[in-house]
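Just below is one structure, and these are the notes that go with it.
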Amino acid sequence: MHTNKRPKKREGSLLDVLRDRNIENKELRKQVADLESSMARLNEASRSSDLNTGVTTLVQQYRDSQDEVKRLNERLSQLHTDGPIKNHSSSGASHAIKAKVRHDFVRLKQSDTWFHAREEICKKLSSSQESPLAYKILLDILMEAFSNAKEAVGLFKQKLHFLMLNPVATHGPRAASTQQEIPNQFQDTFLEAVENLSDICNLDELEERVVAGTAEKHPLMSGLLEKGTYLRGYITSCVRLSWRMNTLKKPMAVSTNTDYKSKFNQHLHEIHMGSPKTASDVIDFFVWPTLLSANSGDVIERGFVFLKT
């Protein structure tokens, strides 16, 4: 007779397992808690480091700003004492700008734009390449551009003069100026500002005025005044050049008038290569004006003329 015997259960084995698991869970929880604590300390250290870096950066920027203020104050003091004339670097820059304008004046007469514009005009007029009227139209455009630019630069200087003398109000109307003239020691600085701003000015309105003046004076050219033609490109060049001539610290001027009326003067004129070889000393017409100093009247570049036979 068999009896069913169950294996004897070891006392405490289940409790031991539960105890062991509990201990393991506690150790895991402790490890997790330790890791979280370490991460918190690392994050705090990181934030502290960022803050320190930010503070260090701000302090450095403040010091740099203080140094810059000091340098500007020293420069301002020097301007009050010596005046801007002793600033040789700006004087050199002004001389370079003047030389560039002079070079561009000479080059425009010899440029492809000028030659192609003359061809367009002659084709429109059904005339020869040496047509006096074609030369006259090109010269009239340059003189029209110069006249308009001179007037516009005068207004430009007045506006800049006003901005420099009148403090900007953040609210309400602009505060009234107590000064009527820029102090003498800043006159050169003002003129340098005008000169250096010349290349970034929008001259579209000025160009349109020259186009309108040309259309009124030479109605036959109206079809060549649209954008994309050589003649319109020539007008753009004349406007830009004329503007820069008038914004120089020592402005330039163009002239087709002489002290000798219609007589050729070798100090003021050159004979254009198309002029008759057996010509007299009487000027028939100008091809290109004489370039002068607007202040002194000194000749910078001689003009080109045709002589009468």
Side-chain angles (χ1 to χ4, degrees), residues 104-151 206-243 245-246 252-292 299-309:
D104 290 346
F105 175 83
V106 174
R107 280 290 302 138
L108 182 57
K109 162 65 175 65
Q110 304 167 352
S111 67
D112 290 341
T113 301
W114 186 86
F115 280 104
H116 288 311
R118 188 183 66 172
E119 288 176 352
E120 282 184 337
I121 294 171
C122 291
K123 185 176 180 180
K124 184 78 173 178
L125 298 173
S126 300
S127 62
S128 68
Q129 292 295 314
E130 299 301 330
S131 167
L133 182 55
Y135 287 120
K136 175 175 173 52
I137 292 172
L138 291 171
L139 179 61
D140 283 348
I141 288 173
L142 177 59
M143 301 304 286
E144 178 82 12
F146 184 86
S147 175
N148 280 277
K150 184 177 181 179
E151 179 183 354
L206 183 57
E207 182 174 328
E208 290 298 332
R209 287 169 58 185
V210 176
V211 168
T214 302
E216 182 179 357
K217 187 176 291 186
H218 303 285
L220 290 177
M221 297 297 105
S222 58
L224 298 178
L225 299 177
E226 299 297 325
K227 291 184 177 180
T229 66
Y230 285 110
L231 187 59
R232 183 58 182 263
Y234 171 73
I235 291 175
T236 301
S237 297
C238 287
V239 168
R240 177 61 62 182
L241 175 63
S242 298
W243 177 264
M245 284 195 293
N246 280 284
M252 296 178 180
V254 289
S255 175
T256 55
N257 298 321
T258 72
D259 293 335
Y260 299 93
K261 303 298 182 182
S262 58
K263 295 288 185 178
F264 174 79
N265 183 337
Q266 62 179 354
H267 299 296
L268 298 172
H269 316 124
E270 289 188 41
I271 300 174
H272 192 267
M273 61 181 180
S275 184
K277 294 182 179 180
T278 57
S280 65
D281 62 349
V282 179
I283 295 174
D284 189 4
F285 60 89
F286 272 81
V287 174
W288 202 245
T290 303
L291 183 65
L292 308 167
V299 177
I300 301 173
E301 291 290 340
R302 293 183 295 176
F304 285 87
V305 298
F306 263 77
L307 300 179
K308 291 183 178 180
T309 55

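Computed from a prediction, not measured in an experiment: that's the story for all the values here.
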Is the shortest heavy-atom distance from the side chain of [X] to the side chain of [Y] under 4.5 Å?
X: Leu231; Y: Leu225; answer: yes
X: Arg209; Y: Asn148; answer: yes
X: Val299; Y: His267; answer: no
X: Leu307; Y: Val282; answer: no
X: Pro289; Y: Leu139; answer: yes
X: Ser127; Y: Leu133; answer: no
X: Leu108; Y: Leu241; answer: yes
X: Lys263; Y: Ile283; answer: no

[atom2] on [Y] to [atom1] on [X], rounded to 0.5 Å:
X: Ser255; Y: Phe286; atom1: OG; atom2: CZ; result: 6.5 Å
X: Asn246; Y: Lys150; atom1: CG; atom2: NZ; result: 7.0 Å
X: Leu142; Y: Ser237; atom1: CG; atom2: OG; result: 10.5 Å
X: Tyr230; Y: His116; atom1: OH; atom2: NE2; result: 4.5 Å
X: Phe146; Y: Leu291; atom1: CZ; atom2: CG; result: 8.5 Å
X: Leu125; Y: Glu120; atom1: CG; atom2: CD; result: 11.5 Å

*Shortest non-hydrogen contact from Cys122 toward Ala134*: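 Looks like SG-CB, 3.7 Å.
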*Residues Thr214, Asp140; criterion side chain to side chain contact (heavy atoms under 4.5 Å, CB included); working and verdict*: CA-CA 8 Å; Thr214 302; Asp140 283 348; over 6 Å; no
_Within 6.0 Å of CD in Glu216, more than 12 heavy atoms from elsewhere_ =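 No.
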_Counting only heavy atoms from other residues, nucleotides and ligands, does the tally under 6.0 Å from NZ of Lys109 exceed 12?_
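Yes, enclosed.
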*What pairs with Arg107 under salt bridge (Lys or Arg N to Asp or Glu O under 4.0 Å), at least two apart in sequence or on another chain?*
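Arg107: no salt bridge (Lys or Arg N to Asp or Glu O under 4.0 Å) contacts found.
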*Kindly indicate, with the supporting measurements, whether the criterion side chain to side chain contact (heavy atoms under 4.5 Å, CB included) is fulfilled by Val287 and Leu138.*
CA-CA 8 Å; Val287 174; Leu138 291 171; over 6 Å; no
*Sequence neighbours left out, what pairs pass salt bridge (charged side-chain N to carboxylate O under 4.0 Å, His left out) with at least one residue falling in residues 110-119?*
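Qualifying pairs, neighbours excluded: none.
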*Using the six-membered ring of Phe285, assess whether NZ or CZ of Lys136 lies under 6.0 Å from its centre and within 45 degrees of the ring axis.*
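Not flagged: Lys136 not positioned over aromatic ring of Phe285.
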*Between Val305 and Ser275, does a side chain to side chain contact (heavy atoms under 4.5 Å, CB included) hold up when you go through it step by step?*
CA-CA 8 Å; Val305 298; Ser275 184; over 6 Å; no
*On the 0 to 90° scale, with breaks at 30° and 60°, tag the Phe306-Tyr135 ring pair as parallel, tilted or perpendicular.*
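Aromatic pair Phe306/Tyr135 classed tilted.
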*asked:* Check the orientation of His269 and Phe264. Use parallel for under 30°, tilted for 30 to 60°, and perpendicular for over 60°.
replied: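 Rings of His269 and Phe264: tilted, as their planes differ by 30° to 60°.
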Within the distance-only criterion (no hydrogens, no angle test), does the side chain of [X] pair as donor or acceptor with the backbone N or O of [Y] below 3.5 angstrom?
X: Arg302; Y: Thr290; value: no
X: His272; Y: Gly274; value: yes
X: Ser242; Y: Cys238; value: yes

*Just jot down the side chain to side chain contact (heavy atoms under 4.5 Å, CB included) partners of Glu226, sequence neighbours excluded, or say none.*
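Side chain to side chain contact (heavy atoms under 4.5 Å, CB included) check on Glu226 returns nothing, list empty.
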_Under the criterion side chain to side chain contact (heavy atoms under 4.5 Å, CB included), I'd like the reasoning laid out for Leu292 against Ile300: C-alpha separation, chi angles, the key distance, then a yes or no._
CA-CA 5 Å; Leu292 308 167; Ile300 301 173; 5.8 Å; no
*Qualifying residue for side chain to side chain contact (heavy atoms under 4.5 Å, CB included) with Tyr234, from Ile141, Thr229, Val239, Ile137*: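 When Ile141, Thr229, Val239, Ile137 are each tested with Tyr234, the side chain to side chain contact (heavy atoms under 4.5 Å, CB included) holds only for Ile141.
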*asked:* Could you check whether Arg232 pairs with Glu207 (Lys NZ or Arg NE/NH1/NH2 to Asp/Glu carboxylate O, under 4.0 Å)?
replied: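 Salt bridge between Arg232 and Glu207, a charged N being under 4.0 Å from a carboxylate O: yes.
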*Phe105 ring center within less than 6.0 Å of Trp288 ring center*: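 When the ring centroids of Trp288 and Phe105 are compared, they turn out to be within the sub-6.0 Å range.
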